[in-house]
Amino acid sequence: MSVQKNIKVVTTHQLQEMKSNGEKITMLTAYDYSMAKIIDQSGIDAILVGDSASNVMAGNETTLPITLDHMIWHATSVVKAVKRALVIVDVPFGSYQGSSSEALRSCIRIMKESGAHAVKMEGGVEIKESIQRVLSAGIPVMGHLGLTPQSIYKFGTYTVRAKEEAEARKLLEDVKLLEELGCFGVVLEKIPSKLAKQAAESVSIPMIGIGAGPEVDGQVLVVHDMLGITQDFKPRFLRQYADLNQVITDAVKNYVSDIKSKDFPNEKESY
Ligand code: KIV
């Protein structure tokens with residue numbers, strides 16, 4: 001399956017076309033200008049300004065502390081770097097669950113102040129009104145089901161979700177509902193592959209998996225995890241494509257050693 005390299009800018013419509021054509025959709029997180037530029041130039045289809053910034057950028061244990069202002073700051077930096085990918089921004093915990101007007105206000109701020117292309121919200125039927133209201137303002141919405149980290153204190157653990165029949169049934173109903181409401185796609189996090197396949201086959205909008213197996217329409221990973229910058233997070237679903245932790249550690253050690261030994265800077269590196 002060839003990659004649509006000729007696409008100038010990726011739109012939500014093109015993600016849907018990729019699903020229809022059987023072309024897998026690629027998505028990674030980014031939170032800053034420099035990383036977003038590299039990822040975009042490498043040909044990614046979508047960049048998620050994830051609230052995982054709370055973990056990997058700010059060092060928090062959960063995604064709950066990150067604020068709307070923080071998310072807009074990260075999104076603004078990413079948007080400045082991106083020329084091709086679709087930029088989707090997580091609406092943070094506490095800025096859309098209260099009421100649909102609050103959700104609309106938060107999403108309008110994200111779109112207006114950052115220049116991003118779409119938003120993502122966690123949940124199904126529980127946030128139906130919020131999703132409807134945001135969509136009615138012309139803002140593309142992506143759903144997020146399965147393990148939804150903003151509800152971690154309700155779940156109690158980060159284990160695989162929807163293994164039991166009742167939760168699996170609710171997930172499939174939520175997927176259908178999100179399609180009917182007009183969402184352009186859904187992230188499915190940490191659910192059994194069989195259920196993810198069923199979800200992907202039941203709708204025409206793309207299902208993007210993270211720990212949801214191969215039979216969905218695309219994959220997303222947290223960039224710090226797949227580049228091996230994060231050290232203590234190695235779930236089964238994570239494929240590590242580089243060991244940047246080691247690369248950076250070696251580079252910094254060499255830098256320290258070169259300065260201590262008075263090797264750096266040398267004559268050619270001086271004015
Ligand atoms: O915040 C995030 O990085 C996410 C991904 C795990 C999908 O929502």
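Counting starts at 1 for both ligands and their atoms, in listed order. Numbers here are sequence positions counted from 1.
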Would you check if there is a donor-acceptor pair between the side chains of [Y] and [X] at a distance under 3.5 Å?
X    : Y    : value
Y31  : T29  : yes
D225 : T230 : yes
N21  : E17  : no
Q150 : Y96  : yes

Between NE2 on residue H117 and CZ on residue F184, distance to nearest 0.5 Å: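 These two atoms lie 11.0 Å from each other.
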Test of proximity, D51 against ligand 1: N or O pairs below 3.5 Å: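 Min N/O separation from ligand 1 is below 3.5 Å for D51.
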Geometric N/O contact Y31 with ligand 1, under 3.5 angstrom: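 For ligand 1, there is no N or O atom that lies under 3.5 Å from one belonging to Y31.
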I'd like to check which ligand 1 atoms, numbered from 1 as shown, lie under 4.0 Å from a non-hydrogen atom of [X].
X    : result
H144 : 8 (O)
I210 : 6 (C)
V222 : 3 (O)
L48  : 2 (C), 4 (C), 5 (C), 7 (C), 8 (O)

Test of ring centre spacing under 6.0 Å for F233 and H224: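 Ring centres of H224 and F233 not closer than 6.0 Å.
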Y255 OH: over 12 foreign heavy atoms closer than 6.0 Å: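 Result for OH/Y255: open.
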Min side-chain heavy-atom separation D90-M71 under 4.5 Å: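 In contact.
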Residue and atom name of the nearest protein heavy atom (relative to atom 2 (C) of ligand 1), distance in Å to one decimal: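 Looking at atom 2 (C) of ligand 1, the protein heavy atom closest to it is S52 OG, 3.3 Å.
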Shortest protein contact, atom 8 (O) of ligand 1 (heavy atom only):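 The closest one turns out to be K120 NZ, 2.9 Å.
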Sub-4.0 Å heavy-atom approach of E122 to ligand 1: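 No, E122 has no heavy atoms under 4.0 Å from ligand 1.
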Close approach, M27 and ligand 1, non-hydrogen under 4.0 angstrom: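 In this structure, M27 fails to qualify as a contact of ligand 1 - no heavy atom is under 4.0 Å.
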Part of T29 within contact of ligand 1 (heavy atoms, under 4.0 Å):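 Within the 4.0 Å criterion, T29 contacts ligand 1 through side-chain atoms alone.
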